[in-house]
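Heads up: the structure comes next, in structure tokens.
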Amino acid sequence: IGVKPGTGVFGAAQAGTADSEITVEQFKQDYRNKVERMYGDGLERVSDLDKYNALVSLVRDYLAEPWLNTKEKYRRTGSKQVYYFSIEFLLGRLLGSNLYNLGLNEVCQQALGELGMDLRTLRQVEEDPGLGNGGLGRLAACYLDSMASLGLPGHGMGMRYRYGLFEQRIVDGYQREYADDWLMDGFYWDVRKPAEAVEVRFGGNVRIKSNGKTQYIHEGYETVLAVPYDVPVVGYRNGTINTLRLWSAEARLSEVVCAPQGGSDCQKAVEYSQTVEELSNILYPDDSTYEGKALRLKQQYFLVSAGLQSIIRNYRENNGHLREFPHKIAIHINDTHPVLCIPELLRILLDEEQLTWEEAWNITVQTMSYTNHTILPEALETWPEDLFRTVLPRIYLIVRDINEYYCRSLWETYPGDWDRISRMAIISYNRIHMAHLAIAGCHSVNGVAELHTDILKNKIMKEFCDFSPAKFNNKTNGVTQRRWVSLCNPALAQLITDTIGPRWVEHPQELAQLERHGADTAFQHHLLRVKLQNKVALAKYVKEKHGITLDVNSIFDSQIKRIHAYKRQTLNVLHIMALYNRLKENPLLDIEPHTFIFGGKAAVNYHIAKNTIKLINSLADLVNNDKSIRDKIKVVFLENYNVSLAELIIPATDVSEQIPTASYEASGTGNMKFMMNGAVTIGTLDGANIEIKQAVGEDNIIVFGLTAEEVLAYYRGGGYNPWEVYQGNERLKQVVDQLINGFFPGAGDLFRGHFDSLLYQGDHFFVLKDFASYEAAHRVLDERYKDRPTWLKMCSANIAHSGRFSSDRTFAEYATDIWHIRPDTLPFSASEKQTR
Ligand code: 73E
């Protein structure tokens, strides 16, 4: 085994040169040396953590040269650089993916094997950096992988939170949150760059000085030092290494004089440093509501200001006048959290570069683009004007100017239409509307699936779209097939490669060739074996961690995602309760054995969602301990759902639950990961499920429930009457009553909140309304599963048609349509795009 010539660490650029290959012998020797140099001890005497750290350090050494070469190449060619600003990057573990993308996986595996070690064990030593809440952060990470793998000059700008999203433990069925101290043992992938630190200013006031030209002098502010940590982003076997720059807040204490033996000044200095560092301490642990507002606002500005200052510093070193900026730099704003990029770039261009307002505004708009990820009203950010003015006085003045400028242009189109202008204004009723600022200040605004974009264009942002229709466009999300198939499901990846060759890893649209193998008995047999093997692996984990024995011959049916009312974990629960009731009535009922798998975190203050976790666990206790149903169904809630756990669950899953109330899930990306791994979706016609249905055809997905149009029509009519549905369906009535009638031993009134929301609060998410259709869909699913050849054909069709949900495709679209870069190098040509 060796690295394929010319494709190992250093990529095709150095094809044929001797140093582009690292042999197993070389690797072993390098690794031994590394351990000895790092720990002053032999491989036999160091811990797994030490072994892991040494391995990361060695991989870092290997990628140093291509990293440097990539930077030099970008400087030399002057190619346009994309910066993807995101408050979240949910990277997942990096050792496996970096080895894989470097083309070193096999070499490393064999080398470690010969040294009596196991790569898998070392991969599990790595902390999973939880620098994100869910889909939005993971999407950002998939995009980094695709940008580097497409060889595009695209980099990430994010926060280096001291603590990741909380660690979830289940105690007595309830969620408990613990600090995620992911940096405790160090993080060896990043490089601290203190020389590139910048200052970010908060508070104080702005003095206006006017001698011919108005100048804004920001005074009395507090300074926070932003220190960058660079993480290499490795492209798939192409020699490209881009950079994810994560910012950390630090205090500059060197100016503080300490009294002997640490007097009060020292004490103050320590306290001060703690408040400053609070800025990058935690990821905002929620994706639904907004609290800790001042801190959150400061975090956002911190990221934006530090990121932009470093981009401009770099730009100045390599380029001429800032007028050329939009031709050399594209800045992408991932949801509204980094929208302050707009006023911050204006501040730099106006105050530091002395450009005119018109010039500065044009440069800003041409540079910036924005993605909206949700229409949930509670997630559409607005800031109280007072708070904003106090925390960011200069930025506040700029936002006021933008507001005036924007409202003036609205007035030109809609003279006298005050109502419309106040609805569209950036500042109205003493609040600053971040989405409005984004739309005004960006040349492109995109949604993340066709339905979502349609809703933005025709409903949520209709007036903005009427005003500037050319800005609005759709970019359906995607996920990277490298992490979500090759790495997490190597047995499937091997089967695909054996069947259609290896090109699909870089050209995922070629997965379509699997279509003609779907009915092939030998292929089906292999597919079944792969799934079984993955189920065995998951069952082993569940046994070790939760003490529950899973039947690997049962249908693995998974709903893994944040716990949220609109995602309707409750609908899933009610259906399982109904199934359980049927089994109790008739223990001989002929159903396929089922394992229902749940995973997901609930926001710390989201009480009903936290209670849903307790509800799932109560159901699991009841069902798993009831001998009379003879293990026909099992329910498990897997603690602390994160990227690593998803990598274990997804390959083992038969049925992918994608059941939000239609219109609420902007896209979803878990749905795509399941599909790529051959699971069949049971889902509503929401978000990207619609496009999955288009891709696989209606025979290969089970859809149910109200459509978005129907849901929105009900809302327009004031909702619906859940009592009618409840009274009219015996089985449904029974399970709803069971929430409060003692069915769950000892639960008392614990689930009354759920009961009330379904019956007394109008069932806002149409759980009861969709129940019958969901139950019917499950029956269809069972029927299909019984006919195993048909089922396996459905699974293969899902894999075969998953190519368009690759983030490579999405990114190629962003690159051509939004950032206007290098279409010649993109894997999906313009004509292919049209036919998709
Ligand atoms: O549908 C998903 C989408 O697939 C959407 O809910 C999620 O983004 C995914 C990627 O596009 C999302 N997260 C947030 N908004 N939409 C969000 C909002 C506030 C804080 C953190 C995350």
Side-chain angles (χ1 to χ4, degrees), residues 84-90 130-144 158-159 161 164-165 282-293 296-297 299-300 303 332-339 370-382 434-435 438 445-453 455-456 460 474-480 484 560-568 600-606 609 646 656 658-675 683-684 686-692 708 805 807 810-811 814:
Y84 194 83
F85 276 72
S86 179
I87 204 90
E88 304 188 5
F89 280 95
L90 204 44
L131 307 183
N133 278 289
L136 172 136
R138 182 53 231 173
L139 185 80
C142 281
Y143 286 173
L144 289 181
M159 292 285 289
Y161 300 105
L165 181 63
I282 57 158
L283 158 73
Y284 189 68
D286 199 344
D287 67 359
S288 61
T289 55
Y290 282 91
E291 278 179 351
K293 288 194 184 307
R296 176 84 169 164
L297 180 61
Q299 262 186 356
Q300 296 185 351
L303 164 63
H332 200 83
I333 298 172
N334 195 30
D335 216 81
T336 48
H337 323 127
V339 159
Y370 153 67
T371 300
N372 172 284
H373 291 267
T374 182
I375 59 162
L376 279 189
E378 63 269 36
L380 291 177
E381 285 185 303
T382 64
M434 302 301 267
V445 176
N446 75 281
V448 290
E450 277 162 20
L451 173 71
H452 170 62
T453 303
I455 294 177
L456 289 181
I460 309 289
N474 178 59
K475 295 285 167 281
T476 298
N477 283 343
V479 300
T480 165
W484 294 108
I560 46 170
K561 48 184 80 250
R562 287 300 284 254
I563 313 293
H564 206 294
Y566 85 78
K567 295 181 189 275
R568 300 200 297 191
K601 294 177 183 175
V604 180
N605 297 319
Y606 191 177
S656 156
Q658 308 299 336
I659 59 173
T661 314
S663 78
Y664 277 89
E665 191 69 271
S667 162
T669 42
N671 45 5
M672 302 168 183
K673 296 167 197 164
F674 278 113
M675 178 194 190
T684 44
D686 197 18
N689 291 355
I690 297 176
E691 289 158 72
I692 291 180
F805 301 104
S807 42
T810 316
F811 244 70
Y814 275 92

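The basis for the numbers below is simple: all heavy atoms, side chains too, and nothing from hydrogens, waters or symmetry mates. Just follow the structure's listing: the first ligand is 1, and inside any ligand the first atom is 1.
- Side-chain N or O atoms of E665 include none that pairs as donor or acceptor with a backbone N or O of D686 at under 3.5 Å.
- Residues satisfying the ring-ring contact (aromatic ring centres under 6.0 Å, His included) criterion with F805, sequence neighbours excluded, are absent altogether.
- Checking only distances, E88 never comes within under 3.5 Å of ligand 1, N or O to N or O.
- With E691 contributing its side chain and E450 its backbone, the two residues share a donor-acceptor pair below 3.5 Å.
- Considering both main-chain and side-chain atoms, G668 comes within under 3.5 Å of ligand 1 through a nitrogen or oxygen pair.
- With a heavy-atom cut-off of 4.0 Å, Y664 does not touch ligand 1 at all.
- For ligand 1, the atoms lying closer than 4.0 Å to a non-hydrogen atom of T374 are 15 (N), 16 (N).
- Panel note: side chain H452, backbone N372; a donor-acceptor pair is recorded below 3.5 Å.
- Between G135 and ligand 1, no N or O atom pair is found at a separation short of 3.5 Å.
- For ligand 1, the atoms closer than 4.0 angstrom to any heavy atom of Y566 are 6 (O).
- Those atoms of ligand 1 that come under 4.0 Å of a heavy atom in E665, given as number and element, are 1 (O), 2 (C), 5 (C), 6 (O).
- Checked options T374, N477, N689; the residue passing with S667 is N477 (criterion: side chain to side chain donor-acceptor pair (under 3.5 Å)).
- Residue contacts with ligand 1 do not include G687, since none of its heavy atoms lies under 4.0 Å from the ligand.
- Remark: among candidates R296, H373, M672, H337, the nearest residue to atom 12 (C) of ligand 1 is H373, based on non-hydrogen atoms.
- Using a 3.5 Å distance cut-off with no hydrogens or angles, the side chains of T371 and N334 do not pair a donor with an acceptor.
- At distances below 3.5 Å, at least one donor-acceptor pair connects side-chain atoms of S807 with backbone N or O atoms of T480.
- Looking at N477 against ligand 1, only its side chain comes within 4.0 Å, counting heavy atoms.
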